[in-house]
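When a ligand or atom number is given, it counts from 1 through the structure's own listing order.
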Amino acid sequence: MNILFIGDIFGSAGRKIVREHIGHVRAARNVDLTVVNVENAAGGFGVTPQIAEDIFDLGADVLTTGNHVWDKRELMDYMNSAGEESKDRARRVIRPANLQPGLPGYGVFEGTTQSGLDYAVMQLQGRVFMTAIDDPFRTADKLLASIKSKVVVVDFHAEATSEKVAMGWYLDGRVTAVLGTHTHVPTADERILPNGTAFQTDVGMSGPYDSIIGVEKDLVLHKFLTGMPGKFEAAKGNPKMCGALVTCDPASGRASAIQRIMFGE
Ligand SMILES: [Fe+2]
């Protein structure tokens with residue numbers, strides 16, 4: 001079973017480069033399951049239902065988000081429109097599972113690919129250098145107890161490399177892949193951990209790399225140099241689609257290969 005995971009789409013430049021490359025990668029690699037992180041797809045801040053629909057149209061099966069999930073309020077209504085057992089697109093946009101209880105949406109989606117393979121996608125968010133939320137490690141334990149599929153892809157949306165590496169080891173042998181998102185900078189540490197979990201600290205953003213993690217560099221530099229507030233705008237230059245390709249045994253969920261990918265213009 002081949003899984004394509006695409007890192008954080010940032011703004012229109014990110015959407016455009018993903019539109020350009022997602023199709024040929026899916027075809028060339030016989031991809032069964034496509035997961036895309038979209039938390040910055042709408043101008044760098046959140047995702048709208050329309051953008052989510054557009055990315056589903058490109059072949060995505062599940063969309064993940066992150067700390068920017070509530071930036072576009074209309075996404076709450078979209079998420080609320082699908083019940084827990086639904087397989088609708090609105091149900092296939094997930095958010096970190098360990099946010100405060102009672103919020104819209106879900107942190108896990110379980111489905112079956114068009115090729116007939118069962119899978120689950122889970123999203124967790126880190127707590128180091130981020131807002132205080134529930135324990136992502138214990139949340140993973142609790143959710144794994146009720147997930148039926150052997151194939152489980154985890155998007156760990158976190159800032160600190162230490163917390164992300166820790167999650168990889170914590171879940172090694174219990175999930176198919178732990179793939180990091182949020183920092184927007186791809187790391188060169190992709191590997192299969194000893195018990196069969198594919199891991200990469202951060203798969204990198206799908207967006208403009210002539211930027212400061214997606215934002216126009218002059219605006220961010222101004223903030224660093226002056227400490228003054230300013231409006232952040234999504235950059236456009238040098239877009240790349242980043243992600244990871246994971247191969248696994250659908251019967252056991254064990255990963256056998258992970259490859260880091262980066263496609264430019
Ligand atoms: Fe984020």
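A donor and an acceptor atom, one from each side chain of Asn40 and His184, are located under 3.5 Å apart.
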Under the criterion side-chain contact (heavy atoms from CB on, under 4.5 Å), I'd like the reasoning laid out for Val153 against Ile3: C-alpha separation, chi angles, the key distance, then a yes or no. CA-CA 9 Å; Val153 177; Ile3 300 163; 3.9 Å; yes
Step by step, would you call Thr183 with Asp202 a side-chain hydrogen bond (donor to acceptor under 3.5 Å, both in side chains)? CA-CA 7 Å; Thr183 69; Asp202 204 293; 2.8 Å; yes
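Taking the ring axis of Tyr119 as reference, the NZ or CZ atom of Lys150 does not stay both within 45° of it and closer than 6.0 Å to the ring centre. Figure legend: cation-pi geometry between Arg92 and Phe56, with NZ or CZ positioned under 6.0 Å from the six-membered ring centre and within 45° of its axis. For Arg127 and Phe129, the positive end is not near the middle of the six-membered ring at less than 6.0 Å and at most 45° from its axis.
Tally of protein N, O or S atoms closer to the Fe ion (ligand 1) than 2.8 Å: 4.
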